Amino acid sequence: PAERIPEIEELAAVCCAVQNMYLTASAYGIGCYWSTGGPTFWEETKSYLGLTDNDKVMGFMYVGMPKENLELKGHRKPWQNKVTWVEQ
């Protein structure tokens, strides 16, 4: 209520939290999708969730188990192949 934190910082914090949820879900083989469309901006959604006019819905995280085990493994090359050091 005191609005001491700028809104942009609140938005950034939500995005960081969503990224962490994605990483955690992936580590456990769980599928997820963050949707920021549709009901995110409906006034009925805010009313249903008991939010005030000052509150914002940032989206919905859909979570579930994939039908198949996707076994996503990174195939990264060493970072040394991508970095060039230049002496000045």
Side-chain angles (χ1 to χ4, degrees):
E3 298 180 12
R4 290 179 281 195
I5 301 173
E7 182 179 20
I8 189 68
E9 289 183 25
E10 296 282 2
L11 298 173
V14 169
C15 294
C16 290
V18 168
Q19 175 68 13
N20 286 332
M21 288 186 276
Y22 267 121
L23 292 171
T24 301
S26 177
Y28 286 98
I30 299 170
C32 62
Y33 175 73
W34 182 31
S35 174
T36 58
T40 300
F41 301 103
W42 297 348
E43 285 301 317
E44 296 86 356
T45 303
K46 287 175 73 170
S47 174
Y48 179 78
L49 296 173
L51 303 177
T52 68
D53 288 338
N54 292 334
D55 296 321
K56 291 189 179 179
V57 177
M58 293 292 300
F60 293 90
M61 178 70 81
Y62 298 93
V63 180
M65 297 302 295
K67 289 182 180 180
E68 302 173 10
N69 184 4
L70 301 177
E71 292 190 38
L72 300 174
K73 295 186 180 186
H75 301 286
R76 296 183 179 163
K77 297 177 182 174
W79 66 268
Q80 292 89 344
N81 295 353
K82 300 177 182 182
V83 176
T84 304
W85 296 95
V86 179
E87 292 188 38
Q88 294 184 5

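Bear in mind that the values here come from a model prediction, so they are computed numbers and not experimental data. All values below were derived from every heavy atom in this structure, side-chain atoms included, with hydrogens, water molecules and symmetry-related copies excluded.
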Of the non-hydrogen atoms in [X] and [Y], which two are nearest, and what is the gap between them?
| X | Y | result |
| --- | --- | --- |
| Ser35 | Tyr62 | CB-CE1, 3.6 Å |
| Ala25 | Cys32 | CB-SG, 3.8 Å |
| Trp34 | Cys15 | CH2-SG, 4.0 Å |

- In one Ile/Leu/Val/Met/Phe/Trp/Tyr side-chain cluster, 4.5 Å: Phe41, Val14: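 Different clusters: Phe41 never reaches Val14 through Ile, Leu, Val, Met, Phe, Trp or Tyr contacts under 4.5 Å.
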- Cluster link Tyr28 to Met61, ILVMFWY, side chain under 4.5 Å: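 Same hydrophobic cluster.
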Show me the side-chain donor-acceptor pairs of residues 47-57 shorter than 3.5 Å, one per line, residues at least two apart or across chains.
from: Thr52; atom 1: OG1; to: Asn54; atom 2: N; distance (Å): 3.3
from: Thr52; atom 1: OG1; to: Asp55; atom 2: OD2; distance (Å): 3.0
from: Asp55; atom 1: OD2; to: Thr52; atom 2: N; distance (Å): 2.8
from: Lys56; atom 1: NZ; to: Glu7; atom 2: OE2; distance (Å): 2.5

- Task: Would you confirm whether Ser26, through its side chain, and Tyr22, through its main-chain N or O, come within 3.5 Å as a donor-acceptor pair?
- Result: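 Checking the backbone N and O of Tyr22 against the side chain of Ser26, no donor-acceptor pair under 3.5 Å is found.
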- Item | Thr40 side chain vs Gly37 backbone, donor-acceptor pair below 3.5 Å |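 Here the side-chain-to-backbone pair exists.
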Which atom pairs, one a donor and one an acceptor, fall under 3.5 Å between side chains of residues 77-88 and the rest of the protein, sequence neighbours left out?
none

